[in-house]
Structure formats: C-alpha cells, structure tokens
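Counting starts at 1 for both ligands and their atoms, following the listed order.
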Amino acid sequence: MPTTVLTNSAAWLPADRADLVVGPAEVHEPGPGELLVRNRALAVNPLDEIKQWVGPMMYRWLPTPAVLGEDVAGEVVAVGAGVERFRVGDRVVAFAVGMERGRRHRAEGGFQQLTVVREDLAAPLPAHLPYEEAVVLPLAVSTAATALYQRDHLGLPHPSAVVTPTGRTVVIWGGSTSVGSNAIQLAVASGHRVVTTASPRNHERMRELGADVVVDYRSPTAVADLVAAIADDEVAGVLAVGTGSAEPSVAIAAATGARRVALASPSVSFGSLPRRGGLSGAGVRTIARLVAGNVALQVRARTRGIRARYVWGSSLMTNEVGPMLWGEYLPAALAEGRYVCAPEAEVVGEGLEAIQPALDRLRAGVSARKLVVRL
Ligand SMILES: NC(=O)c1ccc[n+]([C@@H]2O[C@H](COP(=O)([O-])OP(=O)(O)OC[C@H]3O[C@@H](n4cnc5c(N)ncnc54)[C@H](OP(=O)(O)O)[C@@H]3O)[C@@H](O)[C@H]2O)c1
C-alpha cells in the first residue's frame, strides 16, 4: 500500500511535562529493514510516565513535540527495502524505539496510529493471539532479555524450546513487574530454577509463570528467606527490578556467591519530584540520593567481587540478543503457546485520547497488570 494514501495522528507530548494532546501527524515511509505498522493496541510503561513527569532530566536528546511509547501491536501496511520476514497485512507485535538516541524520534514513537518499527524488533502474531494481549510484551521482554543474556549483564545461555537444565538458580527481585514476569519465563526457558519476589496476592501467578520459590519483598526477612531457598545452589545471577531492589539484590549476591547483578531500576523514585521545570529542592535531594546511593552500592558490590550494572532495555538492538529474541525465540514460542503474554493486559480505553488517562493510572500504581489502549 503506498504510504501517500494513509493518514496518521499521534498522542503528542507537546512540551516538557505537559499532558499528551492528540493531533495530526506525518505518515513516515519505512526505511530499509523497517515496517510501517497500523497500531491496533498500545501499552504504557513507567518509562513514558516518568519521562513525561521529569522532562529533560531523562532522554534529554528527545525534542518536543515528541511521540512517546514503546509497545505496539497491529498490522503491517508497508515494508521498506530488504525486509524479508514480513509482508503487508501481517499481524505483528513490535518494540518501538523512537525515544532512543539516533533514531527517527517521531516516525518510531509508539503513541500514534502508524509507527515505523525495525524488522529485527518485531515478531509475527499467531492467529489465536489478540493484539491487546501481545502488546504487553515489547519493552518488558526486551529489558528482561537484555538483563539475562547480554554478555555484560548475566550472560546466561539463550532460551530454547527444549530446555536443558543448567543446575543453576536465577534470582529475580520484582517478579510481578512486567520486566520480572518476562524474566521468569525466559530464565526458566534457559534451564534455570527461579526464585523471586512479589506481593502475596501474586505468588500463585509467579509459580504459573515458572518460579519455584516466591517471597514477599515487603517482608523484613525477604533477603534471608531467598538465601535460605537458594541453599547450596549455584546462582547464575540476580536481576533487580523495582525501586529499592538494588540493595537487597546485591546482599543476596554477596550471601550466595553470585558474581553478577543486573539493575533495571534507579535506586530512588522520580515520582516524588514536583512536575515542573527548574531545579527544585526535591530535585536536588533526589539527584543527591541517587548519586550517593549508587556510589555506596557500587562500593559494596565491588568489595565483594560482584559486578552490578544498570540495564538499558533497548541495547539488545545493537547486539545478538535482539535477533535471538525477536527473530528466533519469541515467534516460535508464541506460535506454540510456550510463552505467556505477561503481565495480564487490562484494556483501559479506546483511541489515542485514552493514553493520558492510562499514564495517570499507571502513575497511581498497578499490580501484575499492563495497562493497554485499543485503537
Ligand atoms: N532499565 C530499563 O531499560 C528498564 C526498562 C523497563 C522498565 N524498567 C524499570 O523497571 C521497573 C519495573 O517496570 P515495569 O514496567 O516492569 O513495572 P510494572 O509492571 O509497572 O510494575 C508493577 C509491579 O511492581 C511491583 N513492585 C512495586 N514496587 C516494587 C519493589 N519495591 N520491588 C519489587 N517489585 C515492586 C508490584 O508488585 P506487587 O503488585 O506484587 O506488589 C507491581 O506488580 C521500573 O522501575 C521501570 O522504570 C527499566
């Protein structure tokens, strides 16, 4: 389909810290190795909500008006040169990377009707899988895979349909987060036993996803309980997800002899900052806590021989983890029903206008749910 006959609109972030505004948007041609997707479902991530809240403190290279959004599912309406895995009309789920440095920010943002995505960050959707269910995956599964498989993070063996037990355990602090729910499944598919944390209401769900042991992260004995559950097992690594997850994760690594910790979350919450420009007292205190906390964490880790590194969930697009996940593992695992789209989708509205209320709700907090907007 020629892109000239298509029209587009986007939920624009018109200026730093402003609410999203729906308005017309350009139709972008897919470049080599890219697809143009008519989005049928979108999901919101803490990243979108935090970027909107803190302005240029994050993603300072992203000019406004901007199109945020990473999680898209829909049908392919045009393909760029050299695309081999997809054709016009295919149903896909894809990781939109428009916020990343060096990308075409507006063309590749998720919060619009027509998004340009990379062929190597898209997976075909089997006929049985609705867009609304699959769209929970992209940023979460990409971040989980980056943390587990990238060589400078946990460097685990890749997931497989035929699971070969490694005899090793992976610790996932924050199993009921979107990232954690995907990490549990991937780590199990890589042959690991998984021990994790979640609120008690989500324990059964964590076991359904493959976790062997689940403890409440709010319990004062959470670290000791996980260390006891690990017993004499070799720990392949620890993934820390959720504000405040870094310290207990390094403590678990220190107690069990694990050498690698992948950190998905900053050590302080940006939610406490006021939503306005300029340097406020709260802003200075938050940054100071962030820097001091990180220095103390790194000292604790390094003196125990532990490498604790922050994960950047889109870095898989520059190495072998992206093609492994999006080109090989996910397509087959989704088609064969071996991979669950987790956390469960909750459709909170229809149309681009529903994205801002979804971000507001995400900010108020969710539990083992992904907020999804249907287009
Ligand atoms: N580095 C990256 O590239 C990257 C990418 C994506 C996300 N992240 C970060 O990863 C974190 C999770 O994101 P997400 O989208 O997966 O989150 P999410 O799905 O919105 O997380 C919701 C869940 O967080 C759990 N939770 C809340 N506080 C927690 C804590 N202190 N420790 C452990 N779990 C806690 C809650 O569990 P219960 O309901 O069971 O209490 C809730 O189910 C965020 O900090 C996000 O910014 C980083």
Using a plain distance cutoff, I'd like to know if [X] has any nitrogen or oxygen under 3.5 Å from a nitrogen or oxygen of ligand 1.
X: N45; result: no
X: A264; result: yes
X: W312; result: no
X: T197; result: no

Nearest heavy atom to [atom]: which of [options] does it belong to?
atom: atom 33 (C) of ligand 1; options: I172, V241, L139; value: V241
atom: atom 47 (O) of ligand 1; options: G175, A43, P46, S181; value: P46
atom: atom 24 (O) of ligand 1; options: V136, T177, D48; value: T177
atom: atom 20 (O) of ligand 1; options: D71, V366, L263; value: V366

- [ ] Would you please name every residue forming a side chain to side chain contact (heavy atoms under 4.5 Å, CB included) with P14, sequence neighbours left out?
- [x]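 Side chain to side chain contact (heavy atoms under 4.5 Å, CB included) list for P14, sorted by chain: A18, V21.
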TODO: Name all residues meeting the side chain to side chain contact (heavy atoms under 4.5 Å, CB included) criterion together with P357; count only those two or more places apart in sequence or in a different chain, and write none if there are none.
DONE: none
- [ ] Please state which part of N202 comes within less than 4.0 Å of ligand 1, counting heavy atoms only: side chain, backbone, both or neither.
- [x]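 The answer is the side chain.
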Open item on the list: Checking contacts here: is it the side chain or the backbone of S245 that comes within 4.0 Å of ligand 1, counting heavy atoms only? Could be both or neither.
Closed with: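 Neither part.
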- [ ] Look at the side chain of Q356 and the backbone N and O of L20, then say whether any donor-acceptor pair between them is shorter than 3.5 Å.
- [x]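 Yes, Q356 side chain to L20 backbone: donor-acceptor pair under 3.5 Å.
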Can you tell me the protein heavy atom closest to [atom] and the distance?
atom: atom 43 (O) of ligand 1; answer: A368 N, 2.9 Å
atom: atom 11 (C) of ligand 1; answer: S265 OG, 3.2 Å
atom: atom 4 (C) of ligand 1; answer: T143 CG2, 3.7 Å
atom: atom 31 (N) of ligand 1; answer: T243 O, 2.9 Å

When you compare the side chains of [X] and [Y], does any donor N or O come within less than 3.5 Å of an acceptor on the partner?
X: E70; Y: N45; value: yes
X: T115; Y: E108; value: no
X: S199; Y: R218; value: yes

TODO: Under the salt bridge (charged side-chain N to carboxylate O under 4.0 Å, His left out) rule, what do R168 and D233 come out as? Steps first, then yes or no, please.
DONE: CA-CA 6 Å; R168 301 198 295 167; D233 285 1; over 6 Å; no
TODO: Establish, yes or no, whether a centroid distance under 6.0 Å links the rings of Y59 and W312.
DONE: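 When the ring centroids of Y59 and W312 are compared, they turn out to be within the sub-6.0 Å range.
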